[in-house]
Amino acid sequence: MITEKCTGCRACEQLCPKKCISLQADDEGFLQTVIEETECVHCGLCERICPQNHLPEKSAPLRVVAARYKDDEVLKRSASGGVFAGVARRVIRRGGVVFGVTYDENWRAGHKACHTLEELSEQQSSKYVQADTGDTYAQVKELLEEGKTVLYSGTGCQIGGLRAFLRKEYANLITMDLICHGVSSPLLFRKYIGWLGGKMNGKVLAYNFRDKSEGWGLGYKTKTKTKTKTKTLPSTLDPYYYNFLKGSNYRECCYDCRYCTKERISDMTIGDYWGIEKEHPKFYSTKGVSVVLLNTRKGTDCFSECEGDFLVCESEFEKAVRKNHNLIRPTQRTEQRDSIYARMDAPDYFDTVLAPPRNLKNSIKGLLPMEVKLILKKIKQRFL
């Protein structure tokens with residue numbers, strides 16, 4: 001084993017000179033390194049380049065802003081303020097390539113190269129599950145060597161894996177990491193999609209963790225084949241979503257994440273600006289607001305080039321972190337973590353083991369419109 005803290009980034013697999021390392025799903029469904037010992041020559045390269053063993057250099061933010069993309073149609077398809085989409089669109093228009101996460105036909109999340117604006121919509125919005133980087137690190141290196149500008153978006157550990165794989169800095173590479181809570185098992189997510197289809201009496205054709213039909217928040221939307229039925233539900237009433245936000249279904253190494261620090265692994269860090277209604281009340285919008293950490297000179301220059309496409313409000317790290325705790329520390333492991341994966345084959349698993357508390361408070365909170373939730377937040381803040 002290269003490390004017990006493997007994140008499944010695939011850097012070792014793609015660099016192994018004997019090609020004797022593969023990534024395979026473990027019992028919980030997470031990608032795990034497997035070494036074919038009979039082929040291994042014990043060169044030690046995998047251990048030396050593993051970012052979990054040797055963390056690449058990180059940088060503290062040079063600038064922190066709140067941002068919202070000006071194009072409402074693009075913004076509507078984005079999870080928060082549309083920063084990924086805005087930066088990605090500028091890169092593509094200038095002949096560059098963007099790597100982000102999409103689903104395949106079997107609901108496996110994975111990184112994919114995007115060359116056109118039409119392809120970009122698949123990469124927008126959040127995917128709360130471990131994504132497979134596949135052979136994208138090798139693709140990135142080839143494009144960089146050709147002189148192409150590349151934007152690579154992913155979790156901190158995926159950016160760490162990319163930098164470990166490349167083993168040198170490229171002026172034409174822009175990295176963007178997400179404020180990450182942790183990642184859930186691909187197997188668990190596929191089981192969940194199958195369960196949803198059964199509940200709705202049809203195959204799930206579309207799923208969006210961050211539906212904005214009722215405003216910026218944590219509601220999801222799904223569409224099934226049967227009568228093209230569309231259903232929108234709040235996170236507090238959904239078994240998978242509830243446990244994800246609670247931090248009960250993450251990969252073990254996520255609870256000891258080395259990327260949840262003020263010093264960041266990428267050129268830019270993006271996420272929801274939770275708490276914007278308190279920190280910058282005039283900038284709040286139900287359309288969504290992103291927090292952007294510009295961590296390197298390359299990151300600040302990249303954002304400056306497309307800043308005119310955004311509405312921007314200067315902020316501070318201390319303000320951004322108040323409601324984004326994963327900027328400074330990993331999610332705390334819950335007592336439910338063991339049972340969630342140990343009992344995946346239990347009958348009525350999503351209705352029993354993963355079932356969110358069915359109390360009046362959760363039900364009312366989940367069904368309130370975003371505008372009402374905001375009013376209640378302001379009242380609460382005023383009297384605390």
Side-chain angles (χ1 to χ4, degrees), residues 66-69 71-86 101 121 123-129 178-182 184 189 192 196 206-223 230-249 270-292 310-311 313 315 319-327 331 356-382:
R68 184 168 72 252
Y69 198 54
D71 186 323
D72 282 351
E73 286 303 311
V74 174
L75 181 60
K76 188 176 181 180
R77 294 194 297 271
S78 301
S80 49
V83 172
F84 165 72
V101 177
S121 61
Q123 297 184 1
Q124 288 180 251
S125 201
S126 301
K127 283 86 175 174
Y128 294 144
V129 61
L178 315 170
I179 301 175
C180 182
H181 302 267
S184 181
F189 180 66
Y192 164 68
L196 266 184
Y207 185 94
N208 184 359
F209 274 110
R210 301 296 300 280
D211 175 55
K212 283 186 177 178
S213 59
E214 295 182 6
W216 175 40
L218 292 171
Y220 77 87
K221 187 174 185 177
T222 184
K223 180 184 287 186
T230 299
K231 189 173 184 179
T232 302
L233 282 175
S235 58
T236 53
L237 302 181
D238 180 82
Y240 182 94
Y241 212 157
Y242 171 82
N243 282 281
F244 178 86
L245 294 179
K246 192 177 179 182
S248 299
N249 57 9
I270 64 170
D272 294 274
Y273 201 137
W274 301 125
I276 186 70
E277 68 279 358
K278 181 177 181 180
E279 307 298 345
H280 304 285
K282 293 183 179 179
F283 200 74
Y284 173 83
S285 172
T286 55
K287 296 177 181 179
V289 181
S290 293
V291 61
V292 188
F310 295 89
L311 297 172
C313 173
S315 190
K319 292 182 177 181
V321 77
R322 285 190 185 116
K323 294 294 183 180
N324 268 305
H325 299 154
N326 288 112
L327 280 173
T331 300
R358 293 293 180 179
N359 55 53
L360 186 60
K361 180 181 177 181
N362 268 359
S363 299
I364 294 175
K365 183 179 178 181
L367 297 173
L368 287 176
M370 286 305 299
E371 291 81 358
V372 176
K373 288 181 182 179
L374 179 61
I375 293 171
L376 293 176
K377 274 186 180 181
K378 289 181 176 179
I379 293 173
K380 182 179 179 181
Q381 289 165 2
R382 185 174 181 180

**OP:** Any chance you could lay out the side-chain contact (heavy atoms from CB on, under 4.5 Å) test for V101 and Q123, step after step, and finish with the verdict?
**Re:** CA-CA 5 Å; V101 177; Q123 297 184 1; over 6 Å; no
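- Atom SG of residue C313 and atom NE2 of residue H280 lie 4.5 Å apart, to the nearest 0.5 angstrom.
- Taken to the nearest 0.5 Å, the CZ atom of F189 stands 11.5 Å off from the CG atom of N249.
- Across H181, K246, H325, a single residue satisfies side-chain contact (heavy atoms from CB on, under 4.5 Å) together with T331, and that is H181.
- Considering all non-hydrogen atoms of both residues, N208 and S125 come closest at OD1-OG, 2.8 Å.
- Distance CG/L178 to CD1/I270: 5.5 Å, rounded to 0.5 Å.
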Original post:
When you look at S315 and Y273, which way does the side-chain hydrogen bond (donor to acceptor under 3.5 Å, both in side chains) test go after all the steps?
Top reply: CA-CA 10 Å; S315 190; Y273 201 137; 2.7 Å; yes
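- Minimum heavy-atom separation, W216 to S285: CE3-O, 3.5 Å.
- Under the 6.0 Å cut-off for aromatic ring centres, Y240 and Y207 do not qualify, their centroids lying 6.0 Å or more apart.
- Considering all non-hydrogen atoms of both residues, Q124 and S78 come closest at NE2-OG, 2.8 Å.
- Under the salt bridge (Lys or Arg N to Asp or Glu O under 4.0 Å) criterion, D211 pairs with no residue, sequence neighbours left out.
- Contact detail for V291 and A320: the closest heavy-atom pair is CG2-CB, 3.6 Å.
- Atoms OG and CZ, on S126 and F209 in that order, are 9.0 Å from each other to the nearest 0.5 Å.
- Interatomic distance, OH of Y284 versus CD of E279, reported as 14.5 Å (0.5 Å rounding).
- Other residues, nucleotides and ligands place more than 12 heavy atoms under 6.0 Å from the NZ atom of K319.
- Put simply, CG on L218 and OH on Y241 are 4.5 Å apart, with the number rounded to the nearest 0.5 Å.
- When atom types are taken as modelled, the side chain of K212 and the backbone of K287 share a donor-acceptor pair closer than 3.5 angstrom.
- Taking all atoms of both residues into account, the shortest heavy-atom contact from S80 to L75 is O-CD1, 3.4 Å.
- Among the candidates P234, S248, P357, S235, the single residue satisfying the side-chain contact (heavy atoms from CB on, under 4.5 Å) test with Y242 is P357.
- Smallest separation of non-hydrogen atoms from F310 and A67: CD2-CB, 4.3 Å.
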Subject >> side-chain contact (heavy atoms from CB on, under 4.5 Å) assessment of R210 paired with D272 >> reply: CA-CA 11 Å; R210 301 296 300 280; D272 294 274; 2.7 Å; yes
**OP:** Please assess F244 against D238 for the test side-chain contact (heavy atoms from CB on, under 4.5 Å), listing each intermediate value before the final yes or no.
**Re:** CA-CA 10 Å; F244 178 86; D238 180 82; over 6 Å; no
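- Residues P356 and P239 have side chains in contact (heavy-atom distance under 4.5 Å, counting atoms from C-beta outward).
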